[in-house]
2 protein chains.
Amino acid sequence: MRFEPVKKISSYEMIVEQIESGIREGNLHPGDRLPGERRLMETFSVSRATVREAMRVLHATGVVNTRAGDPRGPEVLPFTPEALERPLLRMTYQEGTTRADLIQFRLLLEGQSALLAAASGDQDAKEVIAARAADLMALADGAAGADTDLPEEFGVLLSNFHSAIRAASGNQLLQATGQAVDGALTTLARQRLGDEPGSTALVQRLRCSAQDAAALTEYIHDGDAVGARKLATENIYRFYKDRLTDQELAVLEPLVG
Amino acid sequence: MRFEPVKKISSYEMIVEQIESGIREGNLHPGDRLPGERRLMETFSVSRATVREAMRVLHATGVVNTRAGDPRGPEVLPFTPEALERPLLRMTYQEGTTRADLIQFRLLLEGQSALLAAASGDQDAKEVIAARAADLMALADGAAGADTDLPEEFGVLLSNFHSAIRAASGNQLLQATGQAVDGALTTLARQRLGDEPGSTALVQRLRCSAQDAAALTEYIHDGDAVGARKLATENIYRFYKDRLTDQELAVLEPLVG
DNA sequence: GACACTCTACTGGTCTGACCAGTAATGCAC
DNA sequence: GTGCATTACTGGTCAGACCAGTAGAGTGTC
């Protein structure tokens, strides 16, 4: 006979658990409305404070959205990659996890995304990738260099391009995780602002990235899965090559190719 | 001139944000104690209810641990892969994300983990892998078949083996994500209990997995990175081969090899 | 009938103040 | 010193109150 450890579960956790299991089992769908707090305190036989704590947790984890005054009650939300982004970011603050780890992880994810995208038969998704690559090319061609918004736009377009590849992989987990890592890296980059390159160097970078994107698009279009993975990792490696120390680059190398 | 959208930030979010930024900036470390709720309501000039809502969120996301009666106050916790596991699991409840996605994602992660582990020079970590593989082998040799705990133990040892590989990769993100996906799959498997194979088939499976593990250990030891990735994905593919439909297996194939 | 407006009955957000069960450390008895 | 009751806290929960905000019903206008 084996005993299970008794877990003391608090009232608010009970409410969270019940609502989450409602979603899990398909009784609650994104867009559905929950009863109001005053209603919930009756159905769960607890005080409003307890109900509120449960709602706060659900709100903070992106499960529901609460808006004061809305008589329809809290809304059940669809899943968002942001929910992954927070714990991922938090992890990088931890002793032992470095930015290099984050980049290595990204390299790994983007590589496999490219592979899956190339292997996929989803032509529509492949066309979206081509369109995003074209966007980058267009920006590169028209780039003057003096534009203040250029770094921002460059980042957005490049991010969109990678996002399209992840979407074409057909795996939502890959998509969400990739997006979260991407977001985390953007946040980190924003925090350590100032390492923006000069505008001529930036244009150079942009041109290079646009060409890389075009080449990768070709591989994916042709369905060369292994080639796409190789190129995707090489591209990202090159992107980071002169931004990281040799030591940091060393951890990326095994994944390239 | 560009304006930024005004974000209405509620009181409790402010507290959460301040405590999280304290951790982010290194003023708060795991193991540190926060002031008690009554103290916090003074420093933040809010009511206890608001402080509590903030603490609940921090507690639910694994940032702090609160214990009633402890005069030292809430404890700041180190990061745990569990924090990733919850949103990951939640994602699979979503329309459009299937178990096959989860398994595909796992295949992808384990493959890259094996590659990095093989490329790594960390001999200690490699020895741990060998030890875990030996554990599996020992269980396989001594397996009677009638043991009720066998499925459980098999799962734990296999999980430990993969965990050791992820650890050897040297990337904490890979480690945490892999662990989370592993945990999520275990949870899913537990939910759909009943598909446990007969005890003879289980022993067969166990033997097969133990041999696969031994072979993979060899590759990693020898530093054959690409070979290790190939074998790792093949092993997992074989593991799932007769548990999934052909359609589900099809999404895994591009990653094998 | 279509539209713009006001109003009302709710919503969630916050506060106050209270009681209870649990715990760490204090200090006492031995 | 060691073991144990005490104490002064802690967080968990409850009740009741007020406020600002919103959706939708109701009203008026054209």
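In the text below, chain A, chain B and the rest are named by the order of the sequence lines, each starting its count at 1.
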Visitor: Please enumerate all residues that pass side-chain contact (heavy atoms from CB on, under 4.5 Å) together with B:Ser120, with sequence neighbours excluded.
Guide: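 B:Asp122.
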Visitor: Can you tell me if CD on B:Gln247 sees more than 12 non-hydrogen neighbours from other groups inside 6.0 Å?
Guide: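 Open.
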Visitor: Taking only residues two or more places apart in sequence or in another chain, which ones pass salt bridge (Lys or Arg N to Asp or Glu O under 4.0 Å) with A:Arg39?
Guide: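 None.
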Visitor: Taking everything shown except B:Gln18 itself, do over 12 heavy atoms lie less than 6.0 Å from its CD?
Guide: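 Yes, CD of B:Gln18 has more than 12 neighbouring heavy atoms, counting only those of other groups under 6.0 Å.
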Visitor: Enumerate the residue pairs fulfilling salt bridge (charged side-chain N to carboxylate O under 4.0 Å, His left out) with a member in residues 56-68 of chain B, sequence neighbours excluded, ordered by first and then second residue.
Guide: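 Applying salt bridge (charged side-chain N to carboxylate O under 4.0 Å, His left out) to every pair that reaches into residues 56-68 of chain B, excluding sequence neighbours, yields A:Glu53-B:Arg56, B:Arg67-B:Asp70.
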Visitor: How far apart are the closest heavy atoms of A:Gln175 and A:Arg166, and which atoms are they?
Guide: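 For A:Gln175 versus A:Arg166, the nearest heavy atoms are O-NE, 3.7 Å.
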Visitor: B:Glu13 has an atom CD; how far is it from atom P of C:dG13, in whole Å?
Guide: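 Atom-to-atom, B:Glu13 to C:dG13, this comes out as 10 Å.
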Visitor: Around atom CZ of B:Arg86, are there more than 12 heavy atoms of other residues, nucleotides or ligands at under 6.0 Å?
Guide: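 Counting neighbours around CZ of B:Arg86, 12 or fewer heavy atoms of other residues, nucleotides or ligands fall under 6.0 Å, so no.
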Visitor: Tell me the interatomic distance from B:Arg33, atom CZ, to C:dA24, atom C1', rounded to whole angstroms.
Guide: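 The distance from CZ of B:Arg33 to C1' of C:dA24 comes to 11 Å, rounded to the nearest Å.
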Visitor: If I take atom CZ in residue A:Arg39 and atom C1' in nucleotide C:dC10, what distance separates them, rounded to the nearest angstrom?
Guide: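 Going from A:Arg39 (CZ) to C:dC10 (C1'), I get 10 Å.
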Visitor: Expected output is a numbered-order residue list: members of residues 43-60 of chain A with a heavy atom under 4.0 Å from any atom of DNA chain C. What is it?
Guide: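 Contacting residues: A:Arg48, A:Arg52, A:Arg56.
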Visitor: Is any side-chain N of the basic residue among B:Glu20 and A:Arg90 closer than 4.0 Å to the acidic one's carboxylate O?
Guide: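 Here B:Glu20 does not pair with A:Arg90 in a salt bridge, since their nearest N and O are not under 4.0 Å apart.
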Visitor: Please walk me through it: do A:Asn160 and A:Asp135 pass side chain to side chain contact (heavy atoms under 4.5 Å, CB included)?
Guide: CA-CA 9 Å; A:Asn160 286 347; A:Asp135 289 348; 6.0 Å; no
Visitor: Output, in order, the C-alpha distance, side-chain angles, deciding distance and verdict of side chain to side chain contact (heavy atoms under 4.5 Å, CB included) for B:Leu185 and B:Arg106.
Guide: CA-CA 9 Å; B:Leu185 277 169; B:Arg106 182 179 171 207; 3.6 Å; yes
Visitor: Between which nucleotides of DNA chain D, read 5' to 3', does contact with chain A run, using atoms under 4.0 Å from its heavy atoms?
Guide: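 The contact span of chain A on DNA chain D goes from D:dT13 to D:dG24.
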Visitor: Tell me, do A:Leu157 and A:Phe161 make a side-chain contact under 4.5 Å, heavy atoms counted?
Guide: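 No; the side chains remain at least 4.5 Å from each other.
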Visitor: What is the distance, rounded to the nearest whole Å, between atom CD of B:Glu42 and atom C1' of C:dT16?
Guide: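 After rounding, the reported distance stands at 15 Å.
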Visitor: In residues 62-71 of chain B, which ones come under 4.0 Å of DNA chain C, going by heavy atoms?
Guide: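 Heavy-atom cutoff 4.0 Å gives B:Arg67, B:Ala68, B:Gly69, B:Asp70, B:Pro71.
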Visitor: Both B:Arg72 and A:Arg38 contact DNA chain D. Which one's nearest nucleotide lies toward the 5' end?
Guide: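 It is B:Arg72, whose closest nucleotide lies nearer the 5' terminus.
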